[in-house]
Asker: 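What follows is a single structure, and I will ask about it in a moment.
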Amino acid sequence: MAEALRVGIAGLGTVGASVARVLRDKAAELTRQCGRDIVVSAVSARDPKRDRGVDLNAAKWFDDPVKMAQAAEIDVFVELIGGDEGPAFAAVKTALEAGRHVVTANKALLAKHGVALAEIAEKKGVLLNYEAAVAGGIPVIKTMREAMAGNSVTRVFGILNGTCNYILTRMEAEGISFDACLKDAQRLGYAEADPTFDIEGHDTAHKLSILTSLAFGTKIAANDIYMEGISNITQADIRAAGDLGYRIKLLGVAQRTDSGIEQRVHPTMVPTASVIAQVHGVINAVAIETDILGELLLSGPGAGGNATASAVIGDIADIAKSRPGFQHGPVFGRPARELKPYKKAQMRSHAGGYFIRLTVHDRIGVFAAIAKRMADNDISLESIVQHAISGEAAAQKTVILVTHETTEAAVRKAVDGITKDGHLTDKPQVIRIERAG
């Protein structure tokens with residue numbers, strides 16, 4: 001049997017402790033699968049005295065993860081610290097330069113430094129594995145990097161943030177407000193005390209940027225993603241979507257267009273009959289459209305200690321199965337030096353259907369003015385629904401418009417015109433309608 005694979009874990013929070021525990025509890029099974037033992041030989045965290053529910057006395061303790069990254073005691077450096085700079089970046093870079101394999105769950109780090117780190121890994125002939133960085137326990141990275149040889153990807157999209165999906169699911173199922181759902185998500189541990197990173201789309205954008213690189217062979221461009229969060233989604237939107245046969249999801253979408261690669265994160269209406277509309281709660285899902293395979297949908301737990309730990313351990317096991325002298329595949333499916341510069345598509349030329357919700361004064365001429373603005377911008381309407389508002393807002397109406405395929409630019413221009421006409425009593429809501437499998 002080959003020598004044991006020695007693992008150093010930096011970061012012993014929920015995920016790090018779970019990884020150490022599974023490596024201990026499943027040691028015999030992993031040895032049979034990998035042909036060698038996997039042992040935790042070193043650890044690093046902020047507090048050496050904290051009880052993490054797993055015996056780590058046999059592992060060497062390092063106060064500094066950077067020192068552990070280059071220590072002779074480890075073959076694999078597992079980074080579970082978090083953050084796109086600081087000790088996480090310094091330690092991962094040091095480990096790769098020292099010829100250590102690296103496993104990370106850090107999407108922010110990869111979104112910012114992934115290409116540079118990939119170049120180091122490929123130069124040193126070591127692995128940089130990151131399955132846990134995107135969609136938790138779903139093996140989407142392995143699928144795109146290894147299992148789709150010969151396929152040309154045309155579009156990749158999905159539900160990549162469990163917090164947002166949980167909130168939208170509960171808003172629809174229970175008829176409660178965004179704020180109430182968010183508070184419950186925080187209480188249950190699905191959302192952070194400061195939920196901005198999740199609910200405004202940043203987390204989804206980081207994950208999408210990594211998938212875009214894998215799908216289209218471009219350098220990671222997380223800063224070039226059009227982004228809208230879900231904080232402005234109301235019960236009026238949820239109910240209207242249901243009445244029209246749609247469900248609202250926060251999607252990350254990347255697709256190839258004539259003008260470049262389009263990346264966008266925003267609330268989206270998907271047909272209730274579509275598969276992705278059935279993904280509820282904290283579950284994630286990723287759809288990949290290709291020329292040979294057609295559409296592939298992967299779904300499963302997207303967050304949490306067990307799901308993330310499962311992906312991390314899968315990456316460690318892949319390293320354990322490799323042997324010295326084996327030529328490892330490129331980190332992003334193509335050699336890092338051959339990744340093409342990202343060419344941003346003309347976002348506002350994107351075509352598709354749109355849901356538009358307008359709260360307007362209930363007076364003569366408003367509806368005709370709205371119809372004229374739509375016609376002036378060559379927007380064909382699939383349906384128009386008016387709802388009277390009772391109570392103190394009885395002098396107002398809600399107008400729901402669903403367009404046929406049109407352009408982003410046309411919709412925005414029409415809505416801007418309606419706003420300038422002075423007919424609105426509240427901010428307009430515009431949500432894309434996405435073709436979804």
Side-chain angles (χ1 to χ4, degrees), residues 84-85 89 92-93 96-97 102 104 106-131 133-135 139-158 160 201-227 251-266 286-296 298 327-351 408:
D84 60 8
E85 295 289 353
F89 173 62
V92 168
K93 186 171 183 287
L96 294 172
E97 290 175 336
V102 169
T104 181
N106 193 336
K107 65 265 183 182
L109 175 68
L110 293 169
K112 189 169 184 179
H113 300 291
V115 175
L117 293 172
E119 288 183 2
I120 299 171
E122 290 166 15
K123 180 179 179 181
K124 292 291 183 177
V126 294
L127 285 165
L128 171 56
N129 287 350
Y130 52 95
E131 188 66 69
V134 179
V140 63
I141 303 300
K142 185 183 290 288
T143 299
M144 295 185 70
R145 192 162 66 169
E146 301 174 19
M148 299 181 68
N151 281 270
S152 294
V153 178
T154 54
R155 184 170 73 138
V156 57
F157 66 97
L160 301 175
H202 300 280
D203 176 75
T204 298
H206 283 159
K207 295 170 182 175
L208 181 66
S209 70
I210 295 167
L211 294 179
T212 300
S213 183
L214 282 165
F216 304 114
T218 60
K219 293 182 179 179
I220 294 174
N223 293 331
D224 286 321
I225 296 178
Y226 176 88
M227 191 166 57
L251 294 188
V253 182
Q255 62 187 31
R256 191 189 302 277
T257 73
D258 293 338
S259 62
I261 305 299
E262 181 179 298
Q263 297 183 100
R264 46 192 168 89
V265 173
H266 50 74
V286 181
I288 308 162
E289 295 180 358
T290 75
D291 57 344
I292 300 174
L293 185 62
E295 183 175 313
L296 174 68
L298 305 172
Q327 184 64 43
H328 303 300
V331 174
F332 291 104
R334 300 164 179 79
R337 293 187 179 278
E338 295 180 14
L339 293 174
K340 300 174 183 177
Y342 175 77
K343 181 183 178 184
K344 185 177 180 180
Q346 298 174 15
M347 175 64 196
R348 296 185 71 83
S349 67
H350 167 73
E408 175 92 0

Asker: Considering non-hydrogen atoms only, spot the tightest contact between A336 and V115 and give its length.
Answerer: CB-O, 4.0 Å
Asker: Is Q263 reaching over with its side chain to a backbone N or O of A221, donor-acceptor style, under 3.5 angstrom?
Answerer: yes
Asker: Kindly compute the distance separating CE (M144) from CZ (F332), expressed to the nearest 0.5 Å.
Answerer: 11.5 Å
Asker: Can you name the closest pair of heavy atoms from E97 and K124 and give their distance?
Answerer: O-CE, 3.2 Å
Asker: Would you mind reporting whether N129 and R145 have side-chain heavy atoms less than 4.5 Å apart?
Answerer: yes
Asker: Testing the basics here: between A121 and L96, what is the closest heavy-atom pair and its distance to 0.1 Å?
Answerer: CB-CD2, 4.0 Å
Asker: Among residues at least two apart in sequence or on other chains, which ones pass side chain to side chain donor-acceptor pair (under 3.5 Å) with R256?
Answerer: none
Asker: Mind jotting down which residue pairs meet the salt bridge (charged side-chain N to carboxylate O under 4.0 Å, His left out) criterion with at least one end in residues 107-117? Sequence neighbours excluded, please.
Answerer: E85-K112, K107-D203
Asker: Do the side chains of L110 and N106 get nearer than 4.5 Å, heavy atoms only?
Answerer: no
Asker: Please check if atom CG in D258 has more than 12 non-hydrogen atoms from other residues, nucleotides or ligands closer than 6.0 Å.
Answerer: no
Asker: For L160, does its backbone N or O pair with a side-chain atom of T204 as donor and acceptor, under 3.5 Å?
Answerer: no
Asker: Would you say Y130's side chain and I141's backbone share a donor-acceptor pair under 3.5 angstrom?
Answerer: no
Asker: Under 3.5 Å, side chain of E131 to main-chain N/O of K142, donor-acceptor pair present?
Answerer: yes
Asker: Which value, rounded to the nearest 0.5 Å, describes the distance between T154 atom OG1 and E295 atom CD?
Answerer: 9.0 Å
Asker: Has the side chain of H113 got a donor or acceptor atom that lies under 3.5 Å from a matching backbone atom of D84?
Answerer: yes
Asker: For the residue pair A222 and A111, what are the closest heavy atoms and their distance?
Answerer: CB-CB, 4.0 Å
Asker: Going from OG1 on T290 to CZ on R155, what distance comes out if it is rounded to the nearest 0.5 angstrom?
Answerer: 12.5 Å
Asker: Contact between L117 and V102 at the side-chain level, heavy atoms closer than 4.5 Å - yes or no?
Answerer: no
Asker: Kindly compute the distance separating NZ (K93) from CG (L109), expressed to the nearest 0.5 Å.
Answerer: 12.0 Å
Asker: Just checking, is any N or O donor in the side chain of E262 or T257 under 3.5 Å from an acceptor N or O on the other one?
Answerer: no
Asker: Where do I225 and A205 come nearest, in terms of heavy atoms and distance?
Answerer: CD1-O, 3.2 Å
Asker: Would you mind listing every salt bridge (charged side-chain N to carboxylate O under 4.0 Å, His left out) that reaches into residues 328-338, with sequence neighbours excluded?
Answerer: none
Asker: Check whether any side-chain N or O of S213 sits under 3.5 Å from a backbone N or O of I210 as a donor-acceptor pair, and report yes or no.
Answerer: no
Asker: Could you measure the distance from the CD1 atom of I120 to the CG atom of L128? Nearest 0.5 Å is fine.
Answerer: 9.5 Å
Asker: Test your reading of the model: is there a side-chain donor-acceptor pair from N151 to the backbone of L293, 3.5 Å cut-off?
Answerer: yes
Asker: Starting at CG of L339, measure out to CD of E119 and round the result to the nearest 0.5 Å.
Answerer: 8.5 Å
Asker: Nearest heavy-atom pair of V140 and V134: which atoms, and what distance?
Answerer: CG1-O, 3.9 Å
